[in-house]
A.B. asks: 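So that we are looking at the same thing, I have put the structure below in structure tokens.
All heavy atoms count here, side chains included; hydrogens, waters and symmetry mates do not. Just so it is clear, the model here is predicted, and its values are computed rather than measured. Below, chains carry the letters A, B, ... as their sequence lines are ordered, and counting in each starts from 1.
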2 protein chains.
Amino acid sequence: MRTRREQIEDEASALFAARGYAATSMRDIAKALDLQGGSLYAHILSKEALLAAIVQQASERFHGAVRPLADGPGTAPERLRAMLAAHVQVVTEAPSKAKVFLFEWTFLGPARREQVALARDAYQAHFERVLAEGRTAGELAQGEADPKLAATYLLSALNGIAHWYRPDGPLTPGEIADRYAGLFLHGVEQPATVATGTGTGGTR
Amino acid sequence: MRTRREQIEDEASALFAARGYAATSMRDIAKALDLQGGSLYAHILSKEALLAAIVQQASERFHGAVRPLADGPGTAPERLRAMLAAHVQVVTEAPSKAKVFLFEWTFLGPARREQVALARDAYQAHFERVLAEGRTAGELAQGEADPKLAATYLLSALNGIAHWYRPDGPLTPGEIADRYAGLFLHGVEQPATVATGTGTGGTR
DNA sequence: CCTACCGATCGGTAGG
DNA sequence: CCTACCGATCGGTAGG
């Protein structure tokens with residue numbers, strides 16, 4: 001049984017994600033729960049504290065899912081695949097909360113916003129580290145892009161999923177992760193045909 | 001000399017981009033221009049119409065820059081590189097306006113919002129078409145990802161640039177575009193070593 | 001958790 | 001473009 005507090009956070013997540021934090025009033029949240037506006041304050045301290053709680057919990061989900069994989073065994077490409085799949089999993093299992101964490105955290109007050117900025121940097125650093133290790137090991141070649149830029153590129157693509165994912169869409173979260181991993185690891189360009197021996201022996 | 005109307009749109013773009021549309025009041029915009037709140041209405045019809053004008057103009061910039069390249073000459077990879085560079089150029093030459101177009105258009109009323117949704121779909125379709133043509137021509141191989149998903153992936157990564165780009169950052173828009181194009185076309189994984197003849201003849 | 005309310009601020013307008 | 005204002009709504013609180 002969800003506590004009242006959890007119901008409030010769930011409803012607030014849905015509304016913040018759908019309309020944006022600033023465009024959602026406390027009375028909107030209350031109405032969705034059949035309460036009066038003021039009654040919410042028996043459970044929360046302020047609108048910003050409610051946002052902070054949602055953001056904090058989502059942040060912990062992302063970290064908890066991805067960090068052990070970054071530090072785990074496997075080659076860099078293997079770990080990246082696993083981290084990417086975990087990130088997609090966190091986004092798609094609670095899209096509203098992920099969306100609030102990813103795009104509404106900027107509405108926090110200065111103190112909490114800076115905390116979240118640090119947590120986000122630390123999260124991206126997991127990806128940067130694996131990319132750097134892969135380069136050192138000769139498993140990855142990011143062209144001229146350094147690990148920081150490659151991680152920014154990847155996380156931008158992944159976070160976009162929160163904007164368009166629908167549970168009833170054609171692709172499961174696992175399928176989305178597979179395809180995105182293929183795009184990130186191999187790109188879209190057909191490698192120049194080099195003696196892969198499909199029979200004709202190189203169509204130049 | 002910028003007209004008053006243009007000054008209002010520029011200032012509104014900066015504030016909408018920095019704080020969000022819903023969290024920006026007409027009096028905020030007026031104050032930045034040393035005006036009284038009500039005075040803005042000598043130049044605009046409503047807050048939403050102001051947002052709509054900014055979004056519309058930015059939308060036209062993106063379309064105008066990219067469409068001719070999609071329809072232009074060159075192989076699919078060449079055209080994708082050019083389109084990607086043009087998109088980055090539009091984002092970075094007016095980051096606030098791009099950001100408003102990319103992330104604040106959802107605050108438009110239903111009628112205008114649907115129009116913009118169509119324009120965005122048409123924009124993405126340019127990328128999808130080139131990706132599909134490249135696949136047909138054997139120039140591109142997107143793994144299991146279809147052109148639509150690959151375009152979504154790419155545009156998510158590109159639009160993220162609006163969130164972090166700073167004119168005084170270490171990379172020029174052209175350098176960002178080059179690196180992102182490398183990541184999109186080739187991915188990050190080192191191709192398996194196949195007779196490229198660096199001397200040792202294949203270190204497996 | 002409700003009733004009733006607070007001061008502040010919102011988008012927008014009348015009249016000049 | 002300003003002064004002065006409109007009704008509506010905001011986040012939040014007192015008291016029960």
Side-chain angles (χ1 to χ4, degrees), chain A residues 1-56 96 100 103-113 116, chain B residues 1-56 96 100 103-113 116:
Chain A
M1 34 171 63
R2 276 144 81 233
T3 63
R4 203 48 152 165
R5 167 77 197 213
E6 287 166 338
Q7 291 177 34
I8 292 170
E9 289 178 0
D10 289 354
E11 205 59 60
S13 299
L15 290 168
F16 291 166
R19 308 181 191 174
Y21 173 78
T24 302
S25 73
M26 297 306 289
R27 286 166 178 81
D28 290 335
I29 299 167
K31 195 179 299 174
L33 295 163
D34 277 313
L35 295 179
Q36 296 303 312
S39 304
L40 292 172
Y41 290 87
H43 302 93
I44 64 165
L45 282 173
S46 68
K47 190 187 180 189
E48 194 223 333
L50 176 56
L51 173 63
I54 297 165
V55 166
Q56 177 62 27
S96 293
V100 172
F103 304 114
E104 304 295 320
W105 67 281
T106 52
F107 292 101
L108 290 168
R112 283 160 162 154
R113 195 173 58 233
V116 174
Chain B
M1 37 174 58
R2 276 146 79 233
T3 64
R4 203 50 153 163
R5 168 75 196 215
E6 286 166 339
Q7 292 176 33
I8 292 170
E9 289 178 1
D10 289 354
E11 205 60 59
S13 299
L15 290 169
F16 291 167
R19 308 181 190 173
Y21 173 79
T24 302
S25 74
M26 297 306 288
R27 286 164 179 82
D28 291 335
I29 299 167
K31 194 176 302 175
L33 295 163
D34 277 315
L35 295 179
Q36 295 303 311
S39 304
L40 292 171
Y41 291 87
H43 301 94
I44 64 166
L45 281 172
S46 68
K47 189 186 181 189
E48 194 223 333
L50 176 56
L51 173 63
I54 297 166
V55 166
Q56 178 62 27
S96 293
V100 171
F103 304 114
E104 304 295 321
W105 66 280
T106 51
F107 292 101
L108 290 168
R112 285 161 161 153
R113 194 173 59 233
V116 174

A.B. asks: I'd like to know if the side chain of B:Arg5 reaches the main chain of B:His43, judged simply by a donor and an acceptor atom lying under 3.5 Å from each other, with no hydrogens or angles considered.
C.D. replies: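 Yes, B:Arg5 side chain to B:His43 backbone: donor-acceptor pair under 3.5 Å.
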A.B. asks: On a heavy-atom basis, which atom in A:Leu50 and which in A:Ala12 lie closest, and how many Å separate them?
C.D. replies: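 Scanning both residues completely, I find the closest heavy atoms to be CD2-CB, 3.7 Å.
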A.B. asks: How far apart are the closest heavy atoms of A:Ala53 and A:Glu9, and which atoms are they?
C.D. replies: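 Minimum heavy-atom separation between A:Ala53 and A:Glu9: CB-OE2, 3.8 Å.
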A.B. asks: By a strict heavy-atom criterion of less than 4.0 Å, which residues belonging to residues 37-55 of chain A are in contact with DNA chain D?
C.D. replies: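 Those residues are A:Gly38, A:Tyr41, A:Ser46, A:Lys47.
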A.B. asks: Rounded to the nearest 0.5 Å, how far apart are CG of A:Asp10 and CD1 of A:Ile54?
C.D. replies: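 Answer rounded to 0.5 Å: 8.5 Å.
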A.B. asks: Between residues 25-36 of chain B and DNA chain C, which residues have a heavy-atom gap below 4.0 Å?
C.D. replies: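 Close to the strand are B:Ser25, B:Met26, B:Arg27.
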A.B. asks: Under a 4.0 Å heavy-atom cut-off, which of residues 6-13 of chain B touch DNA chain C?
C.D. replies: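 Listed by number, there are none.
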A.B. asks: As a check on the pairing definition, encode DNA chain C in dot-bracket form, counting Watson-Crick and G-U wobble pairs whose two distances are under 3.5 Å, and using | for partners outside this strand.
C.D. replies: ||||||||||||||||
A.B. asks: Find out whether A:Ile44 and A:Met26 are in side-chain contact, i.e. whether some heavy atom of one side chain is under 4.5 Å from a heavy atom of the other.
C.D. replies: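 Result yes, sub-4.5 Å side-chain heavy-atom pair found.
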A.B. asks: Identify the two heavy atoms, one from A:Leu45 and one from A:Ala49, that lie closest to each other, and give their separation to 0.1 Å.
C.D. replies: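 Smallest heavy-atom distance, with atoms named: CB-CB, 4.3 Å.
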A.B. asks: Using modelled atom types only, decide if a donor and an acceptor are shared between the side chain of A:Arg27 and the backbone of A:Gly37 within a distance under 3.5 Å.
C.D. replies: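 Here the side-chain-to-backbone pair does not exist.
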A.B. asks: Between the side chains of B:Ser25 and B:Asp28, is a donor N or O closer than 3.5 angstrom to an acceptor N or O?
C.D. replies: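 There is such a pair (donor and acceptor under 3.5 Å, judged by atom type) between the side chains of B:Ser25 and B:Asp28.
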A.B. asks: Under the ring pair (Phe, Tyr, Trp, His ring centres under 6.0 Å) definition, can you give me all pairs with a residue in residues 15-40 of chain B, not counting sequence neighbours?
C.D. replies: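 Listed once each, the pairs are B:Phe16-B:Tyr21, B:Tyr21-B:Phe107.
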A.B. asks: Nearest 0.5 Å please: distance from the CG atom of A:Leu40 over to the CD atom of A:Glu11.
C.D. replies: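 Reported value, rounded in 0.5 Å steps: 10.5 Å.
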A.B. asks: Nearest heavy-atom pair of A:Ser96 and A:Ser13: which atoms, and what distance?
C.D. replies: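 For A:Ser96 versus A:Ser13, the nearest heavy atoms are CB-O, 3.7 Å.
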A.B. asks: Counting N and O atoms only, with roles assigned by atom type, does the side chain of A:Glu48 sit under 3.5 Å from a partner on the main chain of A:Gly109, one being a donor and the other an acceptor?
C.D. replies: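 The answer is yes, because a donor-acceptor pair under 3.5 Å joins these two groups.
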A.B. asks: Looking at A:Arg2 and A:Gln7, would you say the former's side chain and the latter's main chain have a donor-acceptor pair under 3.5 Å?
C.D. replies: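 Not a single qualifying donor-acceptor pair exists.
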A.B. asks: Would you grab the first and last nucleotide of DNA chain C (5' to 3') that comes under 4.0 Å of any non-hydrogen atom in chain B?
C.D. replies: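 The contact span of chain B on DNA chain C goes from C:dC10 to C:dT13.
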A.B. asks: Do you know which two heavy atoms are closest between B:Arg112 and B:Ala52, and how far apart they sit?
C.D. replies: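 What the structure gives for the nearest pair is NE-CB, 3.6 Å.
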A.B. asks: Measure across B:Ser39 and B:Leu35 and return the closest heavy-atom pair with its distance rounded to 0.1 Å.
C.D. replies: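 In terms of heavy atoms, the two residues are closest at CB-CB, 4.4 Å.
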